[in-house]
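Structure, as structure tokens:
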Amino acid sequence: IPTSMDSWEDYVKSRIATPPPPSSLDLLQEYYAHDMWQLLVCCTLMSRVSSWKTKHNTISAFFAAYPTPSSVLDAEPNDVLKIIHPLGLFPTR
């Protein structure tokens, strides 16, 4: 399992030939299509809210704090919850 940002990027790049071409729809998923981890998380998180701006800001903040799966594993749950709270995600939901 890759443990650093560099090794994770190398791992991802070795498994995807090229990112899909961008569409004219400006889909939020297209910002993260280059990385399987980010695409999976993006699609999971963005299903909770309709506001593009809220989704974009929250998901960007999430990846700024946790750029790799390994970094999320080491995160404090309350720190993650603070970031994703604007999406309507909290312990009882």
Side-chain angles (χ1 to χ4, degrees):
I1 298 175
T3 55
S4 72
M5 183 64 175
D6 292 336
S7 62
W8 180 253
E9 286 182 39
D10 292 342
Y11 173 79
V12 170
K13 288 176 184 174
S14 72
R15 278 149 180 79
I16 187 167
T18 57
S23 73
S24 60
L25 303 175
D26 194 31
L27 300 173
L28 191 56
Q29 300 93 310
E30 293 174 348
Y31 291 84
Y32 303 102
H34 65 280
D35 183 323
M36 293 176 282
W37 149 251
Q38 290 188 358
L39 182 60
L40 174 66
V41 173
C42 171
C43 290
T44 302
L45 293 177
M46 66 184 277
S47 67
R48 302 293 308 158
V49 178
S50 60
S51 167
W52 192 94
K53 184 177 178 180
T54 299
K55 289 188 281 192
H56 179 64
N57 291 342
T58 303
I59 292 168
S60 296
F62 180 86
F63 289 128
Y66 310 110
T68 66
S70 301
S71 62
V72 170
L73 291 174
D74 296 332
E76 290 294 324
N78 285 335
D79 293 339
V80 175
L81 289 172
K82 287 177 191 173
I83 294 172
I84 64 174
H85 189 267
L87 298 176
L89 297 168
F90 37 88
T92 58
R93 193 165 188 186

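Side-chain atoms of Tyr66 and Asp79 include no donor-acceptor pair closer than 3.5 Å.
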Discussion item. Go through it in stages, so that I can follow the logic: the residues are Ser60 and His56, the test is side-chain contact (heavy atoms from CB on, under 4.5 Å), and I'd like the CA-CA distance, side-chain angles, deciding distance and then a yes or no.
Written reply: CA-CA 6 Å; Ser60 296; His56 179 64; 3.6 Å; yes
Item to complete: Check step by step if side-chain contact (heavy atoms from CB on, under 4.5 Å) holds for Phe62 and Val72.
Response: CA-CA 9 Å; Phe62 180 86; Val72 170; 3.7 Å; yes
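One finds the OG1 atom of Thr68 at 8.0 Å from the CG atom of Asp74 (value rounded to the nearest 0.5 Å). Here the CD-CG distance, from Glu30 to Leu39, works out to 10.5 Å after rounding to the nearest 0.5 Å. With values rounded to the nearest 0.5 angstrom, Leu87 atom CG is found 6.0 Å from Ile59 atom CD1.
Not one N or O on the side chain of Thr58 forms a donor-acceptor pair closer than 3.5 Å with the backbone of Lys55.
Note: the hydrophobic cluster containing Ile83 also contains Leu81 (ILVMFWY, side chain heavy atoms under 4.5 Å, direct or indirect links).
The aromatic rings of Phe63 and Trp37 stand perpendicular to each other, their planes meeting at an angle above 60°, with 30° marking the opposite boundary.
Residues Asn57 and Pro86 fail the side-chain proximity criterion, which asks for heavy atoms closer than 4.5 Å. A heavy-atom distance below 4.5 Å is found between the side chains of Asp26 and Trp52. Counting only heavy atoms from C-beta outward, the side chains of Gln29 and Met46 approach each other to under 4.5 Å.
When all heavy atoms are compared, the tightest approach of Val80 to Ala75 is CG2-CB, 3.8 Å.
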